[in-house]
Amino acid sequence: MDGNGRWAKRRLLPRVAGHKQGVEALRRCVRLCMERGVGVLTVFAFSSENWQRPADEVSGLMRLMAAALLREVQPLHEAGVAIRFVGDRSGINASLLASMEGAEVQTAGNAKLLLNVCFNYGGRWDVVQAAQRVVDAGQPLSEGTLSAAMATAHAPDPDLLIRTGGERRISNFLLWQCAYSELYFSDCLWPDFDAAELDAALADFAGRERRFGKTSEQVERGMSAA
Ligand code: IPE
Ligand code: MG
């Protein structure tokens, strides 16, 4: 969800105002995903590296998360959304962490949409914590054991990765999980991400051929056999 700061700057507003608008865009995006039949939505809300931003922006983001949880969890729960936080919980303020875990417990039984919120998350952190857990459990290190220990083990790997804000990079998002994800980059700033933008990304995705290392002919044969 990139581009909040630039959205605000263009309007001569403080960066935090862009993040606030970013929460609105996320609320809209969740509703749209449900309408479109998307089963899992994973968003990158705060990275392990975002702590390095100016202190007032970091505290603004933390306050925004706390406020968003207070306001949004009940309506999301009523809409059938299960919320999960993905990331390193050790660096997070105790009262914020309590509301995050409260939201998870309250919404755990919902099945309409799984909303994974990556918060204090880094793809490299995830690989390392997963490897450590496999080792600590005395298991052999394999793709299967590592996948099962990743912070997103409760969800399938993403089919489509959308990055807004114009940059063409992954920036330490789901490095392991995105091995075969289709990548889609939009110049749209996150607060402006709307139905037209989502539908453009979904239409683009629908036109991709996913081969997972196989040839085009094999994929076509597999489809006609099925
Ligand atoms: C992304 O928007 C949101 C978070 C990192 C929380 P940015 O804050 O990176 O916005 P730009 O890239 O400065 O426009
Ligand atoms: Mg940015």
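First listed ligand is number 1; within each ligand, the first listed atom is number 1. Quantities reported herein were computed from a predicted structural model and do not represent experimental measurements.
Between the side chains of Asn120 and Trp51, at least one donor N or O sits under 3.5 Å from an acceptor N or O. For the residue pair Thr152 / Gln177, a side-chain donor-acceptor distance below 3.5 Å is found, with atom types taken as modelled. Looking at Gln21 and Asn4, their side chains never bring a donor and an acceptor atom within 3.5 Å of each other.
Here Glu104 pairs with Arg89 in a salt bridge; the nearest charged N to carboxylate O distance falls below 4.0 Å. Using a cut-off of 4.0 Å between Lys/Arg side-chain N and Asp/Glu carboxylate O, Arg163 and Asp2 are scored as salt-bridged. Salt bridge Asp159/Arg210: present, at least one basic N to carboxylate O contact under 4.0 Å.
In this structure, the protein non-hydrogen atom closest to atom 7 (P) of ligand 1 is Asp2 OD1, 3.5 Å. Of the protein's non-hydrogen atoms, the one nearest atom 13 (O) of ligand 1 is Arg15 NH2, 3.0 Å. The nearest heavy-atom contact from the protein to atom 6 (C) of ligand 1 is Ala45 O, 3.2 Å. Protein heavy atom at the shortest distance from atom 10 (O) of ligand 1 is Gly5 N, 2.9 Å.
In this structure, Arg208 contributes its side chain and Glu182 its backbone to no donor-acceptor pair below 3.5 Å.
Taking only nitrogen or oxygen atoms, main chain and side chain alike, Trp7 does not reach within less than 3.5 Å of ligand 1.
Sorted by chain and number, the protein atoms of type N, O or S within less than 2.8 Å of the Mg ion (ligand 2) are Asp2 OD1.
The shell of residues lying under 4.0 angstrom from ligand 1, judged by heavy atoms, excludes Gly165.
When non-hydrogen atoms are compared, ligand 1 lies under 4.0 Å from the side chain of Asn50 (C-beta onward) but not from its backbone. Only the backbone of Met1 comes within contact range of ligand 1, with a heavy atom under 4.0 Å; no side-chain atom does. Only the side chain of Arg53 comes within 4.0 Å of ligand 1, judged by heavy-atom distances.
The aromatic rings of Phe44 and Phe173 sit parallel, their planes meeting at an angle under 30°, below the 60° perpendicular limit.
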Side chain to side chain donor-acceptor pair (under 3.5 Å) for Tyr121 and Asp126? Distances and angles first, verdict last. CA-CA 7 Å; Tyr121 179 86; Asp126 198 1; 2.8 Å; yes
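Within the 4.5 Å cutoff, the side chain of Leu189 has no heavy atoms near those of the Thr164 side chain.
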